[in-house]
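Computed from a prediction, not measured in an experiment: that's the story for all the values here.
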Amino acid sequence: LDGDFKGWGSSYGDNLSYNCKCNICNKETLVDNKIRCYNCYPINSNSSLLEKEIVSFIQQNYKGKINTSVRDLIYNTDNPYPLELDIYLPDLNLAFEVNGTYWHSSKFKYRDYHQNKTEKALKQGIQLIHIWEHVWLNKQSIVKSMILNKLNKTPNKAHARKCTVKKVNHLEASLFLEINHLHGKGKPATVIKGLYSENKLVSIMSVSKDGELLRFASLLNHNIVGGFGKLFKALRPYIKYSYVDRDWSPNNLNTVYDKFFSKVGQTSIRYSYLEEYTLNIIPRQRIDFDNPSFKEGLLKIYGTNNFKYEV
């Protein structure tokens with residue numbers, strides 16, 4: 001097979017092997033379970049290609065000052081060693097942490113590492129965004145769109161007042177969310193509405209049976225001004241609560257959510273599993289905790305927590 005196989009595997013239990021050629025480096029190797037190309041993405045690289053790719057993307061779209069490997073802004077409280085900011089934009093008080101999935105697993109990082117770093121950065125007035133390697137490799141177009149939004153460089157703009165609110169069927173919603181939301185379609189929704197501009201779906205919001213606002217997403221590289229508010233008002237009778245992912249919204253103040261919700265607390269730190277020998281990401285719900293052999297070679301990947309909001 002010829003193919004760009006740089007993405008990490010997300011399936012578990014597929015024992016098929018393929019002889020693949022990487023479209024990036026043009027080298028061939030035997031690939032199991034969609035394992036990435038180790039020539040392009042070595043797990044022992046000190047200066048990762050991943051970080052260079054992200055810096056390059058920011059440089060193409062942002063003309064302000066960009067600092068890398070910053071070690072003089074945030075520190076641990078229990079030792080004198082600094083915490084490094086991989087990418088720091090001082091004019092925006094914005095930083096990006098590039099988390100190599102293997103090197104930032106529980107084998108090398110303690111449970112509160114990313115949460116602690118987020119909190120330390122906030123105390124210095126810095127929003128720290130966490131970009132995970134497996135997410136960048138598998139959802140790059142979405143991550144780039146989200147980075148542009150953080151840089152205030154989203155290239156396309158539309159106004160919700162010129163859009164029409166309509167119900168969205170589950171198939172259309174699933175396809176839209178898989179393409180435009182970092183976490184895909186998520187768990188089942190009972191009510192889904194979207195904004196349509198000239199019969200084109202440009203923004204969507206979904207709500208679960210118990211009243212959780214599950215997903216809000218707009219078309220990639222589009223800012224739908226007033227879109228969240230218009231859809232929220234249309235779905236207000238169904239919405240009771242929601243969560244905000246602190247990997248991308250680290251601030252205690254979320255201007256959109258604080259306008260419509262009240263923050264009531266925080267969740268525990270989120271985590272998933274990494275199979276050490278294949279580097280597959282395994283969903284928590286697929287772990288058989290009663291089978292000791294199933295857990296052999298599994299590492300945890302600890303992220304940050306979520307803010308919880310209620311109406």
(Q) With salt bridge (Lys or Arg N to Asp or Glu O under 4.0 Å) as the criterion, how do R246 and E119 come out once you've worked through the C-alpha distance, each side chain's angles and the decisive distance to 0.1 Å? (A) CA-CA 10 Å; R246 294 192 70 193; E119 300 292 357; 2.8 Å; yes
- prompt: Does the gap between the ring centers of Y110 and Y302 come in under 6.0 Å?
  reply: no
### Message
Does either side chain, that of Q124 or that of K120, offer a donor lying less than 3.5 Å from an acceptor on the other one?
### Response
no
**OP:** Indicate if I126 and I54 have the same hydrophobic cluster label, given that clusters are the connected sets of ILVMFWY residues with side-chain heavy-atom separations under 4.5 angstrom.
**Re:** no
d(D86 CG, S69 OG) to nearest 0.5 Å is 6.5 Å
For atom NZ of K166, is the number of surrounding heavy atoms from other residues, nucleotides or ligands below 6.0 Å larger than 12? yes
Notebook entry, point to check: Do the side chain of N280 and the main chain of I282 share a donor and acceptor less than 3.5 angstrom apart?
Noted result: no
In short, K150 meets L92 closest at the heavy-atom pair O-CD1, 4.4 Å
- Message: Is it true that S174 and E178 share a donor-acceptor pair across their side chains at a distance under 3.5 Å?
- Response: no
- request: Please check if the side chain of S218 supplies one atom and the backbone of I224 the other of a donor-acceptor pair under 3.5 Å.
  value: no
Would a distance-only check, ignoring hydrogens and angles, find a side-chain to backbone donor-acceptor pair under 3.5 Å from N223 to K157?
no
In this structure, CZ of F176 is separated from CG of L220 (nearest 0.5 Å) by 8.0 Å
Is the shortest heavy-atom distance from the side chain of W136 to the side chain of V98 under 4.5 Å?
no
Would you say S268 and N305 make side-chain contact, with heavy atoms under 4.5 Å?
no
Donor-acceptor check, side chain of K153 to backbone of N61, threshold 3.5 angstrom: yes or no?
no
Check: Hey, does F216 have a side-chain heavy atom less than 4.5 Å from the side chain of V256?
Finding: no
Just so I know, are the side chains of E310 and F261 near enough to count as touching, which here means a heavy-atom distance under 4.5 Å?
no
Next item on the list: Verify, without hydrogens or angle tests, whether S203 (side chain) and A217 (backbone) share a donor-acceptor contact under 3.5 angstrom.
Entry: yes
* With a 4.5 Å limit on heavy-atom distance, are the side chains of H181 and I204 in contact? -> no
Rounding to 0.5 Å, atoms CG (L128) and OG1 (T118) come to a distance of 5.0 Å
So if you build clusters from Ile, Leu, Val, Met, Phe, Trp, Tyr with side-chain heavy-atom gaps below 4.5 Å, do Y243 and W248 land together? no
Correct closest heavy-atom pair for I66 and Y62 would be CG1-CD2, 4.0 Å
All heavy atoms of K65 vs all of D91, minimum pair found to be N-OD2, 3.7 Å
- [ ] Establish whether I147 and L89 are linked, either directly or via other cluster members, by ILVMFWY side-chain heavy-atom contacts under 4.5 Å.
- [x] yes
Correct closest heavy-atom pair for L214 and V207 would be CD1-C, 4.1 Å
Step by step, work out the side chain to side chain contact (heavy atoms under 4.5 Å, CB included) result for L94 and L151.
CA-CA 9 Å; L94 179 66; L151 299 176; 4.2 Å; yes
Between the OH atom in Y88 and the CG atom in N93, the distance rounded to the nearest 0.5 Å is 5.0 Å
For the backbone of D112 and the side chain of N116, can you confirm whether one donor and one acceptor N or O come within less than 3.5 Å of each other? no
Examine F108 and W132 and state if one hydrophobic cluster contains both, with Ile, Leu, Val, Met, Phe, Trp and Tyr joined whenever side-chain heavy atoms are less than 4.5 Å apart.
yes
For this session: Using modelled atom types only, decide if a donor and an acceptor are shared between the side chain of K117 and the backbone of I74 within a distance under 3.5 Å.
Result: no
Margin query: Looking at Q59, I want to see if its CD is surrounded by more than 12 non-hydrogen atoms of other residues, nucleotides or ligands under 6.0 Å.
Written below: yes
So, does T304 use its side chain to make a donor-acceptor pair with the main chain of D247 at under 3.5 Å? yes
* Asked: Around atom CG of D210, are there more than 12 heavy atoms of other residues, nucleotides or ligands at under 6.0 Å?
  -> yes
request  = Would you indicate whether the side-chain heavy atoms of I301 and I281 approach each other to under 4.5 Å?
outcome  = yes
Q: For R215 and H183, indicate whether the former's side chain and the latter's backbone hold a donor-acceptor pair under 3.5 Å.
A: yes
Rounding to 0.5 Å, atoms OH (Y113) and CG (L83) come to a distance of 6.0 Å
Which of H130, E97, E133 passes side-chain contact (heavy atoms from CB on, under 4.5 Å) with H104? It is E97
Check: Do M205 and V311 belong together in a cluster built from hydrophobic side chains that touch within less than 4.5 Å?
Finding: yes
(request) Using the six-membered ring wherever Trp is involved, compare the ring planes of F232 and F260 and label them parallel, tilted or perpendicular (cut-offs 30° and 60°). (result) tilted
Distance col, row L213:CG vs K240:NZ, nearest 0.5 angstrom, shows 13.5 Å
Point to revise | Under 3.5 Å: donor-acceptor pair, side chain of R161, backbone of K230 | key: no
- Task: Determine whether V165 and L195 make a side-chain contact, defined as any pair of heavy atoms from C-beta on separated by less than 4.5 Å.
- Result: yes
Intermediate values then yes/no, side chain to side chain contact (heavy atoms under 4.5 Å, CB included), R270 and D245 = CA-CA 10 Å; R270 294 172 292 110; D245 179 2; 2.7 Å; yes
P250 and L122 have their tightest heavy-atom pair at O-CD1, 3.1 Å
Tightest non-hydrogen contact, residues S105 and L299, listed as OG-CD1, 3.4 Å
The ring-ring contact (aromatic ring centres under 6.0 Å, His included) partner of Y257 among Y241, F307, F228 is F228
Could you check whether any side-chain heavy atom of T190 comes within less than 4.5 Å of a side-chain heavy atom of Y238, counting everything from C-beta outward? no
